[in-house]
Amino acid sequence: MSSKYNLPRGTYDILPDVSYKWEYIIGVFKNTAKLFNYKEIVTPIFEEADLFERSSGETSDIVQKEMYKFTDKKGRVFALRPEGTAPVVRSFVENNLAASAGIQKLFYTGPMFRYDRPQKGRYRQFYQYGVEAIGSNHPYVDAEVIALFYTFIQKLGLTEFEVQINSVGNAKVAERYDQALIEYFTPHKDELCFDCQTRLTKKPRRLLDCKVKRCREIGQAAPVMLDYLDEECTAHFEQVKTYLNQFKVPYSVNPKIVRGLDYYTHTAFEFLNHKLGAQNAIGAGGRYNGLVEQIGGKSLPGIGFAGGFERLLLSMEEENLFSGEELIPQVYIVAIGEKAQAQVASIISLLRQENISVEYDPEKTSLKAQMKAADKIKSPYALILGDDELERGVVTLKYLQERKQIDLAISDLSSYIKS
RNA sequence: GUGGCUGUAGUUCAAUUGGCAGAGCACAGGAUUGUGGUUCCUGUUGUCGUGGGUUCGAGCCCCAUCAGCCACCCCA
């Protein structure tokens with residue numbers, strides 16, 4: 001019970017009874033991304049801390065309190081990556097991927113790290129999947145990214161989720177809108193919660209998704225971002241919606257979606273599962289037209305999303321979408337008698353060369369124990385090797401579900417099992 | 001960083017006012033010697049999260065600490 005070492009807070013081990021589910025989800029994601037012609041990119045799990053500090057914004061919680069920062073032996077300051085977009089864009093710029101023709105369509109999976117207090121669906125080391133499409137401001141790309149996410153979720157079989165979209169405009173629009181919010185909320189300043197009073201000066205848009213009742217009430221009549229969009233932003237948003245309809249992605253517009261990170265522009269979207277509890281976003285994303293330039297590349301637009309594997313897993317378990325897909329060996333070897341046990345390996349090796357998966361447990365010697373084990377792991381076949389049979393060059397193959405068995409020459413074995 | 005609940009066998013959970021640590025499941029062995037699933041019998045497993053304190057005596061009370069869960073916050 002009490003082992004000497006414990007895993008760090010907010011982390012967890014993925015044990016064999018769950019790892020096959022992970023493999024499945026990751027597989028579906030990769031296949032979906034490839035269906036949309038996205039290519040995999042793998043970046044390190046740590047980067048210069050400054051990369052995240054500049055791109056996410058100094059006021060974001062990620063930067064202010066959630067980063068795992070450390071200094072290496074030369075005094076360089078690194079951080080375990082808290083999110084995936086900035087590293088991908090860094091790699092894009094550093095490797096000059098802009099030089100190749102067309103839009104760069106990239107996907108990734110891997111662990112992210114945030115020093116948060118753990119709770120349902122929230123961990124300190126958590127696993128994300130995501131895509132980034134860099135090099136186009138066309139609304140088609142916005143819709144396609146959302147459609148990719150939607151297709152992925154559909155392939156998993158999930159039904160309990162909702163797609164919400166919004167436009168957060170461009171920098172100019174955002175500035176005007178923030179100003180309007182400040183003007184609207186300042187007269188009510190004393191009624192706002194403590195957090196919102198600081199938000200008012202730092203990040204007025206954050207006021208809108210405050211959960212305090214009074215703040216919500218006041219926010220009801222607040223100016224709406226969509227009314228402040230200029231002509232270009234509105235046109236972009238409308239076209240995104242048109243393409244989404246063509247992709248047959250059901251969505252609703254939620255004008256209160258805001259992004260925690262500074263670099264978002266235009267389209268913002270969230271995939272929500274309301275049955276998950278407080279941490280109900282299974283994925284989110286948006287357009288980031290200023291980010292590539294900010295990180296030191298050309299002025300190129302981009303859009304992407306990221307989602308958390310843990311929350312998908314929770315959602316899928318909620319909807320009972322896993323059937324037993326754990327690895328089952330095709331053949332369980334039952335060796336009886338010392339002679340048979342002494343030469344099992346040659347038969348096992350024969351089968352494996354034919355790509356037939358085999359399990360044998362040398363610790364179990366009695367027939368009964370081995371048959372029991374064969375049954376327990378649900379192996380379809382038991383291959384019984386007895387001293388008598390081996391002398392005749394024969395083995396007994398038993399089809400466990402039908403309780404039937406036949407004697408076979410060893411040379412006929414693999415072809416028989418395959419058919 | 002804040003709050004609430006929780007921590008006992010591999011696992012799920014019991015243990016009355018403080019008085020000999022238990023059960024189901026799982027696991028192992030067995031029920032006429034070479035045939036599994038049901039059934040029956042038998043058996044193994046404990047740093048009671050950790051460290052202090054109170055007491056003749058603590059799984060139970062007190063303090064601290066660690067961890068988990070849920071929520072705030074924030075987000076995936």
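Order of the sequence lines fixes the chain letters, A, B, ..., with proteins taken first and strands second; residue numbering starts at 1 for each chain.
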Of the listed nucleotides ([options]), which one gets closest to any side-chain atom of [X]?
X	options	answer
Leu400(A)	A76(B), A71(B), G36(B)	G36(B)
Glu389(A)	G34(B), G36(B), G29(B)	G34(B)
Leu367(A)	A76(B), G34(B), A31(B)	G34(B)
Arg117(A)	A71(B), A76(B), G34(B)	A71(B)
Tyr123(A)	C75(B), A28(B), C69(B)	C69(B)
Arg122(A)	A71(B), C73(B), G36(B)	C73(B)
Lys120(A)	G30(B), C75(B), C70(B)	C70(B)
Pro118(A)	C75(B), C69(B), G29(B)	C69(B)
Ile384(A)	C72(B), G34(B), C73(B)	G34(B)

For atom [atom1], what is the distance between [N] and [M], given to the nearest Å?
N	M	atom1	value
U8(B)	C13(B)	C1'	9 Å
A23(B)	A64(B)	P	36 Å
G59(B)	G49(B)	C1'	12 Å
G22(B)	G36(B)	P	35 Å
U16(B)	C73(B)	P	40 Å
U44(B)	A9(B)	C1'	10 Å
U6(B)	U45(B)	P	31 Å
C60(B)	A15(B)	P	14 Å

Using purine N1 to pyrimidine N3 plus N6-O4 or O6-N4 for Watson-Crick, or N1-O2 and O6-N3 for G-U wobble, each under 3.5 Å, what pairs with [N]?
N	value
U65(B)	G49(B)
A23(B)	U12(B)
U55(B)	none
C75(B)	none
U17(B)	none
C40(B)	G30(B)

Using a 4.0 Å heavy-atom cut-off across all strands, classify [X] as base, sugar-phosphate, or nothing.
X	result
Ile282(A)	sugar-phosphate
Arg9(A)	sugar-phosphate
Glu66(A)	sugar-phosphate
Gly337(A)	nothing
Glu270(A)	nothing
Lys398(A)	base
Gly84(A)	nothing
Tyr127(A)	nothing
Ala374(A)	nothing
Leu312(A)	nothing

Problem set entry | Whichever of Gln279(A) and Ala284(A) has its nearest RNA chain B nucleotide further upstream toward 5' | Gln279(A)
Exercise. Want to settle it: does Thr11(A) or Asp116(A) sit nearer the 5' end of RNA chain B, counting the closest nucleotide to each?
Worked result: Thr11(A)
Could you check how far [atom1] of [X] sits from [atom2] of [N], rounded to whole Å?
X	N	atom1	atom2	value
Ile377(A)	G36(B)	CD1	P	16 Å
Phe271(A)	C75(B)	CZ	C1'	17 Å
Tyr129(A)	C75(B)	OH	P	17 Å
Met371(A)	U35(B)	CE	P	10 Å
Lys368(A)	U42(B)	NZ	C1'	13 Å
Asp13(A)	A67(B)	CG	P	15 Å
Leu314(A)	C70(B)	CG	P	8 Å
Leu397(A)	G36(B)	CG	C1'	15 Å

Exercise. Among Val240(A), Ile146(A), Asn245(A), whose side chain to side chain contact (heavy atoms under 4.5 Å, CB included) with Tyr251(A) holds?
Worked result: Asn245(A)
Parallel, tilted or perpendicular: ring planes of [X] versus [Y], cut at 30 and 60 degrees:
X	Y	value
Tyr127(A)	Tyr12(A)	perpendicular
Phe305(A)	Phe149(A)	parallel
Tyr399(A)	Tyr381(A)	tilted
Tyr264(A)	Tyr288(A)	perpendicular

For this session: Respond yes when some side-chain nitrogen or oxygen of Lys376(A) is under 4.0 Å from OP1 or OP2 of C27(B), and no when none is.
Result: yes
Exercise. Is the phosphate of C70(B), meaning OP1 or OP2, less than 4.0 Å from a side-chain N or O of Gln119(A)?
Worked result: no
Problem set entry | Polar pair under 3.5 Å, donor/acceptor by atom type, side chain Gln370(A), base U35(B) | no
For this session: Would you check if the distance from the ring center of Phe29(A) to the ring center of Phe107(A) is below 6.0 Å?
Result: yes
Seminar exercise, completed: Exactly one candidate in Tyr38(A), Tyr108(A), Phe152(A) meets ring pair (Phe, Tyr, Trp, His ring centres under 6.0 Å) with Tyr129(A); the answer is Phe152(A)
Exercise. Within the distance-only criterion (no hydrogens, no angle test), does the side chain of Asn166(A) pair as donor or acceptor with the backbone N or O of Pro255(A) below 3.5 angstrom?
Worked result: yes
Problem set entry | side chain to side chain contact (heavy atoms under 4.5 Å, CB included) evaluation trace for Glu48(A) with Phe78(A) | CA-CA 4 Å; Glu48(A) 291 176 48; Phe78(A) 293 109; 4.2 Å; yes
